> 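Below are the structure tokens for one structure; questions will follow.
Computed from a prediction, not measured in an experiment: that's the story for all the values here.
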Amino acid sequence: MRPTDIMRGSPPTPEAQVTRANWRSFPAIRWGFTHTREVLPTAEVRRSAHPTPMASAPRELQKLSFTAPDGKPTTVEATLRETFGDALLVMHRGTLIHEWYGDGMSVTTPHLICSISKSIAGTLGGVLAARGLLDPEARVVRYVPELESSVYGSCTVRNVLDMAVAIKFEEDYEDPAGDVARYRFSSGWDVPPPGVEAGHQRAYLTTLRGTGKPHGKVFHYVSTNTEVLGWVYERACGMPYHRILSDYLWQPMGAEEDGSLTLDSHGMGRIAGGLSVTARDLLRFGEMIRCRGVVEGRQVVPGWWIDDIHENGDPQAWKDGDLADIFPGARYRSKWYTIDPSRNDLAGIGIHGQWLYIDAATDTVIVKLATQPKAMDVPLDHRWLAAFRAITAHLAPR
């Protein structure tokens, strides 16, 4: 199949049918990531009755040139074209200054944001903590006793928030028979081979075991940690995750469009990566983080929680962890990356090319969505980091 065989704006042709077996494979991903509700069962994440207004003053950024990590000159426009870009939005000091969409995308098109979903879940934890519903230092089993015999029986909510659980799990997206494959069978994202039971997420989470080492010492990126976090939230609040997200964050933030969350066979949401939202609403979320949790004078997320994300995160745990060679010197706290501590930046990152980048030094928020063929493509991530830095340098006060 050619990429042009699947157009976003209309259902796929029979010879290019998108199914649960291929919806994240190229080129089906080009349609699947903006039509997830037509592939998988989902729950609605409700928009606000009073969307937060978005001021706009367009500026030309497409022609902006920069040097890619391979030393070759390029532009923002070429990078979008060459990295399967779907959307690029830039907000500077609260004003939308750049808005670009690829074929079939628009201001109202939902797009799967993959693991940026984790950063949203980490932010939601601060709202629940401020309301007295969640104690981040409590053990996970205080909320979910069913996990007592699993690796999560001995860790805290904070360990889960910071990806510091000593768990036997390899986050390998390419292994068809590995941990991620079994996890995706349980979430309903993948079709298991004959003879393999799909199960469901809550049952699968109870089977996960530890390494025998102490929690809280090493950054180990494992998506199931965020599913556990969502389960904790549900027990703390007495409602499903999509309603918690709607009631405590998405509506108060002023989202303009409904989002959606994929569900497993038992109705549990894929908290770690199953959110689909519009680029503009993701930009609103990022701007709220930049403004220390404030939206139009309302404190939606406690400022102290966002301060904690900026100021904490164990540098040694990161240095000893999974991704230290990809982002040297970074930190991780409450599901957010600080790629460059000297800039005090924040990033939510998802596979297949999803980025939410917040640069405190220049008051800039950038949303970049994509449907890259490879789940992890480090050279493309580094190219986009170079693009983000070129954009922020261009916007910096002279």
Side-chain angles (χ1 to χ4, degrees), residues 115 117-119 121-122 125 129 134-175 177-187 199 201-233 235-236 270-273 308-309 311-339 341 347-349 351 375-376 378:
S115 288
S117 305
K118 294 180 174 71
S119 302
L134 179 74
D135 178 2
E137 304 309 321
R139 291 177 65 205
V140 164
V141 291
R142 170 176 160 183
Y143 302 95
V144 188
E146 295 93 324
L147 291 169
E148 182 69 57
S149 63
S150 76
V151 61
Y152 298 107
S154 55
C155 72
T156 65
V157 176
R158 172 50 64 193
N159 297 149
V160 170
L161 278 162
D162 292 349
M163 292 289 188
V165 178
I167 183 175
K168 289 181 180 177
F169 191 103
E170 282 298 318
E171 190 94 356
D172 183 346
Y173 304 112
E174 308 302 325
D175 185 350
D179 294 325
V180 171
R182 289 187 288 273
Y183 161 47
R184 285 176 171 167
F185 297 154
S186 76
S187 71
Q201 282 191 152
R202 291 187 185 93
Y204 176 69
L205 294 172
T206 66
T207 70
L208 299 176
R209 298 293 179 258
T211 63
K213 297 179 180 179
H215 301 298
K217 300 298 183 182
V218 176
F219 173 84
H220 181 34
Y221 188 92
V222 173
S223 287
T224 59
N225 294 344
T226 311
E227 308 302 351
V228 167
L229 186 67
W231 198 355
V232 166
Y233 290 177
R235 288 293 175 78
R270 178 82 188 273
I271 288 93
D308 178 77
I309 293 170
E311 296 165 5
N312 291 301
D314 184 348
Q316 189 62 47
W318 179 269
K319 186 177 179 180
D320 294 338
D322 300 336
L323 305 181
D325 57 334
I326 298 175
F327 302 127
R331 294 197 305 257
Y332 191 86
R333 183 72 166 178
S334 294
K335 311 293 180 185
W336 285 93
Y337 300 87
T338 291
I339 304 292
I349 309 172
I351 56 173
M376 282 192 69
V378 174

> Nearest 0.5 angstrom please: Ile271 CD1 to Gln201 CD, how far?
6.5 Å
> Which pair of heavy atoms, one from Gly348 and one from Ser119, lies closest together, and at what distance?
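Gly348 and Ser119 have their closest heavy atoms at CA-OG, 3.4 Å.
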> Would you call the rings of Trp318 and Phe219 parallel, tilted or perpendicular, taking 30° and 60° as the class edges?
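The arrangement is tilted - the two ring planes meet at 30° to 60°.
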> So, does Tyr233 use its side chain to make a donor-acceptor pair with the main chain of Gly125 at under 3.5 Å?
yes
> I'd like to know whether Met376 forms a side-chain contact (heavy atoms from CB on, under 4.5 Å) with Ile326, so could you lay out the CA-CA distance, the side-chain angles of the two residues, the decisive distance to 0.1 Å, and finally the verdict.
CA-CA 11 Å; Met376 282 192 69; Ile326 298 175; 3.9 Å; yes
> Using 0.5 Å steps for rounding, measure from the CG atom of Asp162 to the CH2 atom of Trp336.
14.5 Å
> With under 30° as parallel and over 60° as perpendicular, where do the rings of Tyr183 and Tyr204 fit, or are they tilted in between?
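Rings of Tyr183 and Tyr204: parallel, as their planes differ by under 30°.
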> With Tyr152 as reference, evaluate Thr206, Asn225, Asn159, Val144 under the side chain to side chain contact (heavy atoms under 4.5 Å, CB included) test and give the passing residue.
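Looking at Thr206, Asn225, Asn159, Val144, the match for Tyr152 under the side chain to side chain contact (heavy atoms under 4.5 Å, CB included) is Asn225.
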> Taking only residues two or more places apart in sequence or in another chain, which ones pass side chain to side chain donor-acceptor pair (under 3.5 Å) with Tyr173?
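Counting only residues at least two positions away or on another chain, Tyr173 forms a side chain to side chain donor-acceptor pair (under 3.5 Å) with Glu171.
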> Between CG of Leu229 and OH of Tyr143, what distance do you get to the nearest 0.5 Å?
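The distance works out to 10.5 Å.
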> Does any part of the side chain of Ser334, heavy atoms only, come nearer than 4.5 Å to the side chain of Arg158, both counted from C-beta?
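Answer yes - side chains close enough.
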> Considering all heavy atoms of both residues, which atom of Ser150 and which atom of Leu205 are nearest to each other, and what is their separation?
CB-O, 3.8 Å
> Would you please test Thr224 and Asp179 for side-chain contact (heavy atoms from CB on, under 4.5 Å) and show each step?
CA-CA 10 Å; Thr224 59; Asp179 294 325; over 6 Å; no
> Would you compute the distance between atom CG of Leu161 and atom CZ of Arg333 and round it to the nearest 0.5 angstrom?
8.0 Å
> Checking side-chain contact (heavy atoms from CB on, under 4.5 Å) for the pair Leu208/Val228: CA distance, chi angles, key distance, verdict?
CA-CA 11 Å; Leu208 299 176; Val228 167; over 6 Å; no
> Taking all non-hydrogen atoms of both residues into account, name the closest pair between Val232 and Leu134 and its distance.
CG1-CD1, 3.7 Å
> Run the salt bridge (Lys or Arg N to Asp or Glu O under 4.0 Å) test on Glu148 and Arg139 for me, step by step, so that the C-alpha distance in whole Å, both residues' side-chain angles and the decisive distance to 0.1 Å come before the verdict.
CA-CA 10 Å; Glu148 182 69 57; Arg139 291 177 65 205; 3.4 Å; yes
> Step through the shown structure and confirm whether more than 12 heavy atoms of other residues, nucleotides or ligands are within 6.0 Å of CD on Glu311.
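Above 12, so yes.
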> Enumerate donor-acceptor pairs with a distance under 3.5 Å from any side-chain N or O in residues 211-218 to protein atoms, sequence neighbours excluded.
residue, atom, partner, partner atom, Å
Thr211, OG1, Lys213, N, 3.2
His215, ND1, Ala166, N, 3.0
His215, NE2, Ser154, OG, 2.8

> With rounding to the nearest 0.5 angstrom, report the CG to CG distance, Asp314 to Asn312.
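Here the rounded value is 9.5 Å.
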> Salt bridge (charged side-chain N to carboxylate O under 4.0 Å, His left out) with Arg331: which residues, sequence neighbours excluded?
none
> Taking only residues two or more places apart in sequence or in another chain, which ones pass salt bridge (charged side-chain N to carboxylate O under 4.0 Å, His left out) with Arg209?
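Salt bridge (charged side-chain N to carboxylate O under 4.0 Å, His left out) list for Arg209, sorted by chain: empty.
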> Quick one: are Met163 and Asp322 in side-chain contact, heavy atoms under 4.5 Å?
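No, too far: nothing below the 4.5 Å cut-off.
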> Any side-chain heavy-atom pair from Val222 and Val165 closer than 4.5 angstrom?
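The answer is no; the side chains never approach within 4.5 Å.
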> Assess whether side-chain contact (heavy atoms from CB on, under 4.5 Å) is satisfied between Trp231 and Leu147, documenting all intermediate values.
CA-CA 10 Å; Trp231 198 355; Leu147 291 169; 3.9 Å; yes
> Check side chain to side chain donor-acceptor pair (under 3.5 Å) between Glu146 and all other residues, then give those that pass, not counting sequence neighbours.
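Glu146 satisfies side chain to side chain donor-acceptor pair (under 3.5 Å) with Arg235 only.
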> Which residues pass the side chain to side chain donor-acceptor pair (under 3.5 Å) test with Lys335, sequence neighbours left out?
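Partners of Lys335 under the side chain to side chain donor-acceptor pair (under 3.5 Å) test: Thr226.
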> Any heavy-atom pair between the side chains of Phe169 and Val151 that's under 4.5 Å?
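No, their side chains stay 4.5 Å or more apart.
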> At what distance, to the nearest 0.5 angstrom, does OG of Ser223 lie from OH of Tyr221?
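These two atoms lie 4.5 Å from each other.
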> Where do Ala203 and Thr207 come nearest, in terms of heavy atoms and distance?
O-CG2, 3.5 Å
